[in-house]
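I have placed the structure first, in the form of structure tokens, so that the comments after it can refer back to it.
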Amino acid sequence: MINIALPKGRLGEKAYAIFEEAGYECPAIHEESRKLIFENAEVGVRYFWVKPSDVVIYVERGAADIGIAGKDIILEYSPDIYELLDLGMGKCRMAVAAKKDFCDRRDRTLRVATKFPNIARDYYNKQSREIEIIKLNGSIELAPILDLSDVIVDIVETGKTLYENELEPKQDIVQISARLVSNKVSYKFKNEEIVAICEKIEKVLASKK
Ligand code: PRP
């Protein structure tokens with residue numbers, strides 16, 4: 001049995017559709033319910049719906065053998081796992097954004113609001129820029145508007161949230177997409193099954209190009 005952690009939400013559903021096409025279906029998953037675990041013993045898979053940022057925790061600790069995680073989460077938490085495939089979905093970017101009229105003064109400590117303190121710290125460390133991190137858990141765009149921060153480091157997908165809040169992207173940090181990740185021990189001991197899943201998923205992805 002291969003245990004698979006899927007991120008709850010739209011990305012997880014898209015990712016599941018790929019697994020389904022690859023032959024790892026679990027029809028009960030389509031039924032309206034609040035269940036979090038679905039299993040198809042015949043094809044040897046068990047799916048869990050987990051909070052997107054928790055996928056890497058399940059995989060790192062071996063509660064899941066494989067999972068689907070955003071590159072943002074992988075970069076932020078640096079889990080000790082293998083990254084097997086880029087699914088090419090859930091594409092967005094991590095960027096610095098600020099009010100349109102924001103003018104950076106390098107002689108001042110920059111106040112950075114973000115859900116991704118490690119990514120933000122790494123980015124500014126490389127520029128030897130002194131910053132203060134303000135860790136928030138959501139609605140990051142509010143911070144510069146209310147002068148809680150000078151800039152934000154956040155996910156930009158369409159740019160609509162920034163635009164509608166009169167902010168604009170200032171610098172791109174890194175491109176993000178969903179990755180298939182594996183627990184290191186599982187990769188060794190369930191290698192045949194995991195490699196087979198990878199190959200079938202790659203075929204499905206290639207057929208969509
Ligand atoms: C993310 C991100 C932005 C928004 C970007 O928020 O933090 O707010 O999506 O998308 P856009 O460029 O297409 O407008 P999420 O929906 O994860 O909610 P959050 O505010 O709880 O972080």
Side-chain angles (χ1 to χ4, degrees), residues 4-19 29 34 36 47-60 64 67-79 81 83 85-102 104 110-127 129 131-181 205 208:
I4 306 170
L6 292 174
K8 243 191 264 178
R10 215 160 47 92
L11 175 64
E13 280 160 26
K14 273 175 83 177
Y16 169 73
I18 302 286
F19 278 95
I29 222 166
R34 297 212 174 174
L36 298 172
Y47 293 98
F48 319 132
W49 289 117
V50 314
K51 198 176 151 76
S53 52
D54 289 343
V55 168
V56 293
I57 300 174
Y58 283 80
V59 173
E60 184 175 38
I68 302 297
K71 184 70 181 175
D72 51 338
I73 302 298
I74 298 172
L75 289 171
E76 179 61 26
Y77 297 103
S78 304
I81 56 178
E83 208 179 296
L85 276 183
D86 184 345
L87 298 189
M89 58 174 66
K91 282 189 183 172
C92 53
R93 64 195 208 268
M94 186 70 62
V96 178
K99 281 196 203 162
K100 287 179 184 153
D101 59 3
F102 172 68
D104 194 4
L110 187 70
R111 297 169 305 158
V112 183
T114 186
K115 267 195 288 197
F116 304 94
N118 294 323
I119 294 177
R121 211 173 283 118
D122 277 3
Y123 175 71
Y124 285 107
N125 266 349
K126 282 186 190 133
Q127 301 177 14
R129 182 77 162 93
I131 62 162
E132 179 194 352
I133 297 275
I134 299 157
K135 166 82 169 67
L136 297 177
N137 298 300
S139 302
I140 317 296
E141 292 81 2
L142 272 176
I145 300 170
L146 302 180
D147 198 32
L148 176 64
S149 76
D150 301 306
V151 301
I152 62 174
V153 165
D154 200 15
I155 299 285
V156 181
E157 192 180 347
T158 59
K160 208 167 164 216
T161 311
L162 291 180
Y163 180 79
E164 292 190 359
N165 289 290
E166 290 170 39
L167 303 176
E168 64 183 19
K170 299 287 183 185
Q171 295 107 29
D172 285 351
I173 299 179
V174 63
Q175 298 295 319
I176 305 292
S177 58
R179 308 297 160 101
L180 176 67
V181 296
L205 294 175
K208 294 188 182 302

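Remember, predicted model here, so these are calculated numbers, not experimental data. Just so you know, ligand 1 is whichever comes first in the structure, and atom 1 is the first atom listed for that ligand.
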Point to revise | Taking atom 4 (C) of ligand 1 as the reference point, the nearest protein heavy atom with its distance | key: Thr161 OG1, 3.7 Å
Exercise for review: Just need the protein heavy atom nearest to atom 5 (C) of ligand 1, so name the residue and atom and give the distance.
Suggested key: Ile155 O, 3.5 Å
Practice item. Starting from atom 21 (O) of ligand 1, find the nearest protein heavy-atom neighbour and note its residue, name and distance. Key: Gly138 CA, 3.8 Å
Point to revise | Heavy-atom nearest neighbour in the protein, as seen from atom 22 (O) of ligand 1, with distance rounded to 0.1 Å | key: Lys115 NZ, 2.4 Å
Check your understanding: Looking only at N/O atoms, are Gly159 and ligand 1 under 3.5 Å apart anywhere?
Key -> yes
Review point. Which class fits the ring pair Tyr47 and Phe19: parallel under 30°, tilted 30 to 60°, perpendicular over 60°?
Key: perpendicular
Exercise for review: Could you check Asp147 against Arg111 for side-chain contact (heavy atoms from CB on, under 4.5 Å), going step by step and ending with a plain yes or no?
Suggested key: CA-CA 9 Å; Asp147 198 32; Arg111 297 169 305 158; 2.8 Å; yes
Exercise for review: Please could you name the atoms of ligand 1 that Glu141 approaches to less than 4.0 Å, counting only its heavy atoms?
Suggested key: 3 (C), 8 (O)
Point to revise | Test item: Lys208 and Ile18 side chains (from C-beta on) under 4.5 Å apart, heavy atoms | key: yes
Point to revise | Ile68 side chain reached by Val55 side chain, heavy atoms, under 4.5 Å | key: no
Check your understanding: For Ile133 and Ile131, what are the C-alpha separation, side-chain angles and deciding distance, and is it a side-chain contact (heavy atoms from CB on, under 4.5 Å)?
Key -> CA-CA 6 Å; Ile133 297 275; Ile131 62 162; 3.6 Å; yes
Practice item. Carefully, step by step, assess Ile145 and Leu167 under the rule side-chain contact (heavy atoms from CB on, under 4.5 Å). Key: CA-CA 8 Å; Ile145 300 170; Leu167 303 176; 4.3 Å; yes
Check your understanding: Which residue holds the protein heavy atom closest to atom 20 (O) of ligand 1, what is that atom called, and what is the gap in Å?
Key -> Ser139 N, 3.0 Å
Check your understanding: For ligand 1, which atoms sit closer than 4.0 Å to a heavy atom of Val156?
Key -> 12 (O)
Exercise for review: For atom 7 (O) of ligand 1, grab the closest protein heavy atom and report residue, atom and distance to one decimal in Å.
Suggested key: Asp154 OD2, 2.7 Å
Exercise for review: Kindly state if atom 9 (O) of ligand 1 has a protein heavy atom within a strict 4.0 Å cut-off, that is, under 4.0 Å?
Suggested key: no
Exercise for review: Would you indicate whether the side-chain heavy atoms of Leu75 and Asn118 approach each other to under 4.5 Å?
Suggested key: no
Practice item. Report the nearest protein non-hydrogen atom to atom 13 (O) of ligand 1: residue, atom name, distance rounded to 0.1 Å. Key: Thr158 OG1, 2.5 Å
Review point. Is the shortest distance from atom 15 (P) of ligand 1 to a protein heavy atom below 4.0 Å?
Key: no
Practice item. Start with the C-alpha distance between Glu13 and Trp49, add both sets of side-chain angles, then the distance that settles side-chain contact (heavy atoms from CB on, under 4.5 Å), and finish with yes or no. Key: CA-CA 10 Å; Glu13 280 160 26; Trp49 289 117; 4.2 Å; yes
